[in-house]
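Structure record follows, encoded as structure tokens.
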Amino acid sequence: MSHVVDDIPAYERQSASMWERRSQLAPRFAQQIALTVGPHLPRPLAECDVVDVGCGYGHTAAALAGMAASVVGVEPSQSLAERARDHDADIEIVHGGHERLLERPASFDLAIMDNVFEHIPDQAAALHHVAVALRPGGCLYLLVPNRLWPLEVHYHLPFLSWLPLPAANAYLRWSGRGEDFTDASYAPTAAGLRRLF
């Protein structure tokens with residue numbers, strides 16, 4: 001299978017071993033999710049239908065496949081969605097953004113947004129789409145970097161997320177680590193996240 005590489009963000013291309021590193025960490029990520037949300041789920045995870053929004057390479061979705069009744073991964077990057085389909089696990093991968101959740105109202109007990117929220121410009125709409133897709137009593141696992149954390153998590157540059165976008169882009173280009181910070185620039189502050197909810 002040939003893979004499109006043009007739509008993979010620069011921070012994903014920084015390391016040729018990104019697939020391998022995330023593959024090794026995925027079982028621990030899945031376990032962390034299970035431990036965190038377990039007490040809040042409407043039924044045991046083994047009986048839950050799960051959607052991983054922005055599933056990337058699909059490693060966490062694949063790891064969760066052995067823990068949940070069903071797992072669907074939704075991924076806007078065509079090339080990452082293709083890679084996610086390479087897993088042997090029993091998961092469904094849907095190419096598209098969070099808007100695709102509207103096609104599956106009240107279908108999931110657990111929605112996961114693991115380090116994806118900072119890539120979404122209209123976060124209120126994304127949360128609405130997740131809410132539509134969740135069944136009554138469903139749970140959202142949301143992991144997102146804080147905009148005010150001193151070291152930006154994608155490009156590992158100090159204070160990058162503190163800067164206005166034009167200055168952040170200039171800093172990114174100066175560092176040689178990328179050209180445009182826009183895709184990863186939507187991380188909220190803790191107060192901003194509370195306002196969204």
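These numbers come from the heavy atoms of this one structure, side chains and all, not from hydrogens, waters or symmetry mates.
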- [ ] State, yes or no, whether a side-chain contact exists between I33 and I112 at a heavy-atom distance under 4.5 Å.
- [x] yes
- [ ] Kindly say whether Y155 contributes a backbone atom to a donor-acceptor pair with the side chain of R177 at under 3.5 angstrom?
- [x] yes
Open item on the list: Measuring only between side-chain heavy atoms, which start at C-beta, is P188 closer than 4.5 Å to Q123?
Closed with: yes
Task: Listed partners of E99 passing side-chain hydrogen bond (donor to acceptor under 3.5 Å, both in side chains), at least two apart - done: none
- [ ] Determine yes or no for a side-chain-to-main-chain donor-acceptor pair under 3.5 angstrom, with R104 supplying the side chain and V132 the backbone.
- [x] no
Open item on the list: Could you tell me if the side chain of M67 sits less than 4.5 Å from the side chain of Q31, heavy atoms only?
Closed with: yes
Task: ring pair (Phe, Tyr, Trp, His ring centres under 6.0 Å) contacts touching residues 158-197 (sequence neighbours left out) - done: F159-W162
Task: With S175 via side-chain hydrogen bond (donor to acceptor under 3.5 Å, both in side chains) - residues at least two apart - done: none
TODO: Give the C-alpha distance, both sets of side-chain angles, the deciding distance and a yes or no for side chain to side chain contact (heavy atoms under 4.5 Å, CB included) between I93 and C55.
DONE: CA-CA 9 Å; I93 302 298; C55 69; 4.0 Å; yes
Open item on the list: For a 4.5 angstrom cut-off between non-hydrogen side-chain atoms, does N115 reach V144?
Closed with: no
TODO: Please tell me if the side chains of L140 and M113 come closer than 4.5 Å, counting only heavy atoms from C-beta onward.
DONE: yes
Task: E75 and V94, any side-chain heavy atoms less than 4.5 Å apart - done: no
Open item on the list: Main chain of P105, side chain of S107: is a donor-acceptor contact present, judged purely on distance under 3.5 Å?
Closed with: yes
Task: Student check: side-chain heavy atoms of R43 and D109 closer than 4.5 Å - done: yes
Task: Test side-chain hydrogen bond (donor to acceptor under 3.5 Å, both in side chains) applied to E118 - qualifying residues, sequence neighbours left out - done: H154
TODO: Considering non-hydrogen atoms only, spot the tightest contact between G54 and V116 and give its length.
DONE: CA-CG2, 3.7 Å
TODO: Give every residue pair that meets the ring pair (Phe, Tyr, Trp, His ring centres under 6.0 Å) criterion with at least one member in residues 122-142, sequence neighbours excluded.
DONE: H98-H129
Show me the donor-acceptor pairs within less than 3.5 Å that the side chains of residues 46-53 make with the rest of the protein, sequence neighbours left out.
residue: D49; atom: OD1; partner: S70; partner atom: OG; Å: 2.5
residue: D49; atom: OD2; partner: R135; partner atom: NH1; Å: 2.8
residue: D49; atom: OD2; partner: R135; partner atom: NH2; Å: 3.0

TODO: Could you tell me whether the side chain of L143 reaches within less than 4.5 Å of the side chain of F117, counting heavy atoms only?
DONE: no
Task: Any donor-acceptor N/O pair, H95 side chain to A81 backbone, under 3.5 Å - done: no
Open item on the list: Main chain of F29, side chain of T60: is a donor-acceptor contact present, judged purely on distance under 3.5 Å?
Closed with: no
TODO: Determine, for R85 against E82, whether the closest basic-nitrogen to carboxylate-oxygen distance falls under 4.0 angstrom.
DONE: no
